[in-house]
Structures are given as structure tokens and as C-alpha cells.
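Report on one structure; see the data block that follows.
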Amino acid sequence: MGVCEIQSLTRDYGNGRGVFNLSFSINQGEVFGFLGPNGAGKTTTIRHLMGFLKPEKGYCTIGGKNCWKDRTDIQKTLGYIPGEMVFFDDMTGTEFLSFMSKYRKTKSNGRTKELCDRFELDPRSKLKKMSKGMKQKVGIVAAFMHDPEVLILDEPTSGLDPLMQNRFIELVLEEKAKGKAILMSSHIFEEVERTCDRVAIIRNGRLAALDAVEALKAAQVKKFVITLENEDAAAAFAEEGLRISGVTHNQVTVIVQNNIKELISVMNRYPVINIITPNQSLEEIFMQYYGGDRS
Amino acid sequence: MINWTLYKRGIQGSWKMLLIFAAVITMYFTVIVSMFDPALGSALNEFAKAMPELMAIVGMNPASAELVSFMEAYLYGFIMLVFPMLFCILSANKLIARHVDRGSMTYLLSAPVKRETVAFTQMKVMVTGLFALVLYATLLGIVNCEISFPGELDIGKFILLNIGVLCLQLFIGGICFLCSCIFNDSKYAVGVGAGIPALGFIVQMMANAGKDLENAKYATFFTLFNSDGIIAGEPGAIWGMVVLFAGAVALFGTAIVVFSNKDLHI
């Protein structure tokens, strides 16, 4: 049995919104990626895990305890980064962190300084005046400072610069190595690729897919937009037997899956002037793998 | 059942507001007590005789020559009803609904602190503020009277009057706090939480104004605070205080239960 279990969780907000019959579990020492487009039900699921919402049907447990009934008990060993950072007005970061520490009745304050150093955070300024990235760092410190066993991270790196995103990934990997169970929702491919063991994707409140991240990487589908000298060349290029997803003027969009060499040899024979790999969202990549469309 | 860190934070957040209310009360108490003249009847009584309707609406009826009745008529019919009531409305919203509305409640609940404890602590913050305000008014009244008219004030009756006001304000506070716990939107919490006591107060003003509308007094809980009766030592007035206090306990209790069991979209 996993550390965190979600069993047929249902909450219907009407108009197809909410979560429906959702089930998955997270094991000890595992980082579980939780993906899905906006409004898919990620935050609703997380609110149930936090004990903010009572399930209409089904249940969720953390460490064998019911997330609604035993929420106070669960919170002792839980760390949470909310999707939106809203603190109290008029507190400085330092005051907030020390408030949270006393409010939680945390025994030692040991990790706070280490975490602030790690994220190069000087928490002495007013929270109201902090930039989004700085607020995010305060939220990260607040979630990790009491050394929790289970972590629920809702888009934890939003607003962070790439260097800090990298530090955050390192932190998550360290915590994972310590045997903690981590649920992380994210839109950043690299973050998920480097930290997660398994990934679930949720669409319209339903579990659309769940698999190991390795499987996703192995089957990763890449798109290339190739610009040729003229439209005739583009039309001929499209006839070369590659998987083509579209031709517009002198541009051809090619889909490549484990056959990059074939593409290169074809390109050698044509007047190619540019290659672009358009950014694909994590969900897009994942859904291509599953052959689903985004309807 | 109480989280002292949160309590301390709540008190820190309230004292500025308390200071403003205390300053307003100080001003009124000082001015009105100075108008008392045991020999001739006060200047205010002259007003009351000249414009009985207008003065009656705000609960100021011509008082007897006793200082405690004078205070009751000119301070405990309007000033000591409206200002602590404003404190209740603002404070109740600030302590619960605003945190839920903005989302900062997330941090109070993502910690091993029961929702019951959070609500109870916030209630304590509000009750402490209310108690401090009424206690301050009591001491201020006594000191003011003793300086200007030594020995004139019936201190026992004056204290009882203030206990009565405290019971009424706790009841109002209970209504505001319950609304703050029910509604997730600050605007509804304030709208309903302020609307009910304000409506009650307006109905009382109407009932004071004219004989035709006198029966309207049965439609408002303000009638349970019978300040004349408290001064006169009527048992009914004491029972009114008891009912208000019991009502306050029930309202706060309900508020805590509601908050502990509701869905929070934070």
C-alpha cells in the first residue's frame, strides 16, 4: 500500500468540472508527477489531500489516515506548496517563517537557514513588496523547513528563474533519496523528467494516463519544422516517406520517433535553410505518446 | 483549544483599530460627562426638551438628575452601541472570512492545528478586543466622573450597565463571527454580518421614535439590552442580559462548528 492513496475520489461541480472517480497511489521514496491542462482538477484533488474539501464519493489517505477526518494528524508530517502564494499582509519573510514555525510548534528551526541559503533568499523584506519569485522561495522554505515525510507541491517552481528551478530539482531529488513521498504538479518537462518516477495525467477531472516516466522518455515523439528554399522543394520533401504532420508554404512539419537518422539523410538531399523544434507542452508530448487527441 | 502564536498575531493586528475606537469613546465620554450639571439639569437635557423626537431616535431621553442615569441616557443609547458594534463587524471579517477569501487561510490550515482551534483562537481575539473596549469605557467613565463630580456616580450600577453592554456586543459579535465563518466571500460576510445588527439597530431607533411604532421593539434583539431597566434594577433587564450572553455562546459555538465542517476552496 502506498503512502498516499486516492480511491475513486469524486467531486462534481457541475458542467463537467470537478474530479471523477480518480484513483492512484504514491509510494515511499517516489516523486509522482501530476499533470494536466488548467482546470483539469489538479488543485481540486490537492485540496482533498490537504483536508480542505470533503470527498463526495471515495476517499483519500496519507500514511493510512483519512485526509478529511484525520487532517490535523496528517499535517504534522506534511509539507505543502500552494499553487498560489498568499501570505499575511504586513509581515516580513523572516516574521512569516518564524510565525509558521511557532504556529506549527516545530521543535528546531534548523532547516530554515539552510534552505534560505540554498535559494539565496534574504527574507527580511516585507512579503507584500516581494517579487513573485521571492514569494515562491518563501513558500518553498515554509514547506520544507519542518522536514516533512510527505510533500504536496502545486507548481512549485512557478516564478523561479532557471538556476533556482535547478536548485529546486536538486532539493526534490535529495528528499526523494531520504525516502519521502512527493506529489508534484508541474508544467515544466525538464522538472518532471529529472525528478518523477511515475506520471499521471488528468483531463476533465478523469485520469487520462498513468505510467513510468521512463516509458514516456523512451517513446518521446519530437516535432521538427523544416524550412526549405521554395514551395516545390517543400512539396517534394513531404513525399519522402517521413511522418509529416503538415506543410505550409515552404515549411514542413515532421514527426520523429526513434528515426532521427532518416530525417538527417533526407535533409542532406534538400535545400534546407532552417530547422526549428517548437516547444511542446508536457501534456502534448504525453498525449502524443498515448495517441490521444486534446479534445 | 487555543493557539497562542495565532492569538498573539491577532492581538497585534487589532490594537491599532482598538486604539482608534478608544480615542473616539474617550472624546465622547469626556465631552458628555462635562455637560452634566446636577443642580440645574444639563445642557443636553435642554436639547432633549427642545427636540424630543430627534433625541429619542438616538436613544437620548431626558435623564433624571442622577449621574449614572445621565451616562446611560447619553452614552449607552448610541455611542456604546454603535462603536463596539463597528469593531465587531470589522474584526469578525478580518479574522476568518478575509483569510478564506484571499487564500491566506491555506497557511493556517496546512499545519497541525485543528480548524476548531483556529476558529476558537480567532474568536478569543475578537472577544478580547471587545472586552478591552468595554473595560476601557467603564474605567474611563468612572475616572471621568470621579474627577469632575466626586462621589456622584453609582459605580455598582454603572459597572452592571457595562456588563449589559458587553453581553449585547458579544451577541452582535457572535452574529458577525458566524457570518464570517459561513461565507467564503468577504463581501457577503460583511454584508450579512453588518446588515443584521444594523437592521436591528434601525428598528430600535424607529421604536424609540414614536408611539405608533413602539411595538417594533419586539422585532429586534436590541430590546434585550434594557439600559433603563438595568439602572432601575429590574429583574427582566437582568434576564435580558443572560439571554444575550447565552445567545452569544450559542452563536460562537455554531460558528466554530460551521467553520470546522465546511468545504474550503483555498
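Owing to the predicted nature of the structure, the values given are computational and were not obtained by experimental measurement.
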Check your understanding: Minimum heavy-atom separation for R9(B) to D90(A), with atom names?
Key -> NH2-OD1, 3.3 Å
Check your understanding: Where is the tightest heavy-atom contact between R47(A) and L264(B), given as atom of each residue plus distance?
Key -> CD-O, 4.2 Å
Check your understanding: Under 3.5 Å, is there a donor-acceptor pair between the side chain of R104(A) and the main chain of V113(B)?
Key -> no
Point to revise | Non-hydrogen side-chain atoms of F99(A) and K8(B) separated by less than 4.5 Å | key: no
Exercise for review: Quick one: pull up CZ in R115(B) and OG1 in T72(A) and give me the separation to the nearest 0.5 Å.
Suggested key: 9.0 Å
Review point. Do the non-hydrogen side-chain atoms of F96(A) and Y107(B) ever get within less than 4.5 Å of each other?
Key: yes
**Study point:** R102(B) portion near chain A, given a 4.5 angstrom heavy-atom threshold
**Key:** both
Point to revise | Nearest heavy-atom neighbours spanning M50(A) and S110(B) | key: CE-CB, 3.4 Å
Point to revise | Proximal component of L53(A), with respect to chain B [non-hydrogen, under 4.5 Å] | key: both
Check your understanding: For F88(A) and L108(B), which heavy atoms make the closest approach, and how far apart are they?
Key -> CZ-CD2, 3.6 Å
Check your understanding: Considering all heavy atoms of both residues, which atom of K76(A) and which atom of P112(B) are nearest to each other, and what is their separation?
Key -> CG-CB, 3.5 Å
Check your understanding: What is the minimum heavy-atom distance between Y103(A) and V118(B), and which atoms define it?
Key -> OH-CG2, 3.2 Å
